[in-house]
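Sequence lines set the chain letters: A, B, ... in the order given, protein chains first and strands last, and positions in each chain run from 1.
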2 protein chains.
Amino acid sequence: MITTKERLVMRYSEQRDIIYNFVLSSYDHPSALDIYSSLKGDYPKLSLGTVYRNLNALVSKGLIKRIEVSDGYDRFDKTLMEHTHLLCVKCNKMSDVELSFKDIINKEYSFKVISYNSLFRGICNKCLKEEEK
Amino acid sequence: MITTKERLVMRYSEQRDIIYNFVLSSYDHPSALDIYSSLKGDYPKLSLGTVYRNLNALVSKGLIKRIEVSDGYDRFDKTLMEHTHLLCVKCNKMSDVELSFKDIINKEYSFKVISYNSLFRGICNKCLKEEEK
DNA sequence: TCTTTAGTAGTAATCATTACTACTTACAAA
DNA sequence: TTTGTAAGTAGTAATGATTACTACTAAAGA
């Protein structure tokens, strides 16, 4: 007999399913508000609090990753491997960097890394080219 | 004749002087509230808004650096060279890393880095040793 | 010494996020 | 299949770091 306490999986919820699938199918690191705005049309009863709560649940279950952006909305990522992000200050697009700084820190310093947030702000290649015109 | 518009230096203010010197003399990357709490004893009329305003002014003049900590208080740093930070989740101490990830990003990716924030959360050497006891 | 305007104290507002409350629903057991 | 219960939801209020506002103060050029 499985008691409630022992049940570790989450109960099914359509809202969480929708939110999770939205993150899985997006390539632009959406914020909670992005997700809410995009889904509100098809699911008018969806609440912003539900989006936040489920994103937190998905993060704590390790199904998605949170990207901390201190001066604005946090963003969410389907890529589970910890990695670094580039945020273009012109077009606001966020892209990925595959370099693992974590390994460098673990090796070079006596510091046991649990998680990290590396965000580089600058101008992406596309915006640089447009400036040259 | 120097008009107000042309005057680029800030007017002297005792509050800013005190706040700036506090950051210069600290090694633990204080937050605005840390600074306010530490100085309030000696300067009872000091306002938290003044601390925030002057920290922002000092950052925008390039005299100190802001370290963005998304889930809590931002912290401030006298070290002007951009660098990476380690934050111990046990003792909350913040320390510096001299590695320049900026150069790596600039070289390996077509991305013009303007600023960056790299924060590694984990357990510092001292806390690791205490866990072993 | 004036005059101007940057700076300050104290307080209200902002805004991303979380907490709360009454209602709804998944799902295990009867 | 029905029912009991606790997890999930919608809608709204609260939180908390930071910023804005307003009347007052003071640095410093004329």
* Asked: Distance under 6.0 Å and angle within 45° of the ring axis: does K78(B) meet both against F22(B)?
  -> no
* Asked: Under 4.0 Å between a side-chain N/O of S13(B) and OP1 or OP2 of dA26(D), yes or no?
  -> no
* Asked: Over how many whole Å does the gap from K61(B) atom NZ to dA6(C) atom P extend?
  -> 12 Å
* Select from P44(B) and S31(A) the residue whose nearest nucleotide in DNA chain C is closer to the 5' end of that strand. => P44(B)
* Round to a whole Å and report the spacing from CD of E14(A) to P of dA26(C). => 9 Å
* **Side chain of T50(A) - closest among dA16(C), dA10(D), dT8(C)** => dA10(D)
* Structure fact -> Rounded to whole Å, the OH-P distance (Y43(A) to dT24(C)) equals 21 Å
* To do: Measure the distance from CG on L48(A) to P on dA13(D) and round it to the nearest whole Å.
  => 15 Å
* **Evaluation steps, side chain to side chain contact (heavy atoms under 4.5 Å, CB included), between L119(A) and M94(A)** => CA-CA 9 Å; L119(A) 182 61; M94(A) 189 177 275; 3.9 Å; yes
* If only side-chain N and O atoms of Q15(B) are considered, is one of them under 4.0 Å from the OP1 or OP2 phosphate oxygen of dA26(D)? -> no
* Asked: For Y52(A) and dT17(C), is the shortest distance between a side-chain N/O and OP1 or OP2 below 4.0 Å?
  -> yes
* Asked: Where the side chain of N56(A) is concerned, which of dT18(C), dT9(D), dT18(D) is the nearest nucleotide?
  -> dT18(C)
* What is the nucleic acid contact for R53(A), judged by heavy atoms within less than 4.0 Å: base, sugar-phosphate only, or nothing? -> base
* To do: Verify the contact: side-chain N or O of S47(B) to OP1 or OP2 of dT8(C), cut-off strictly under 4.0 Å; return yes or no.
  => no
* Structure fact -> Atom NZ of K45(B) and atom P of dG7(C) are separated, to the nearest Å, by 18 Å
* Step-by-step side chain to side chain contact (heavy atoms under 4.5 Å, CB included) determination, R53(B) to T50(B) -> CA-CA 5 Å; R53(B) 189 166 17 76; T50(B) 298; 3.2 Å; yes
* May I have the distance from I18(B) (atom CD1) to dT8(C) (atom P), rounded to whole angstrom? => 10 Å
* In whole Å, what is the span from the OH atom of Y20(B) to the P atom of dG7(C)? -> 16 Å
* **Gap between atoms CG and C1', on D34(B) and dA17(D) respectively (whole Å)** => 13 Å
* Asked: Are there more than 12 heavy atoms of other residues, nucleotides or ligands under 6.0 Å from atom NZ of K126(A)?
  -> no
* Take the angle between the ring planes of H85(A) and H29(A) and call it parallel below 30°, perpendicular above 60°, tilted in between. => perpendicular
* Nearest to the side chain of R11(B) - dA10(D), dG7(C), dT18(C)? -> dG7(C)
* Asked: Reckon L33(A) touches a base, only the sugar-phosphate, or nothing at all at heavy-atom distances under 4.0 Å?
  -> nothing
* Just call it for Y12(B): base, sugar-phosphate, or nothing, with non-hydrogen atoms closer than 4.0 Å on any strand. => sugar-phosphate
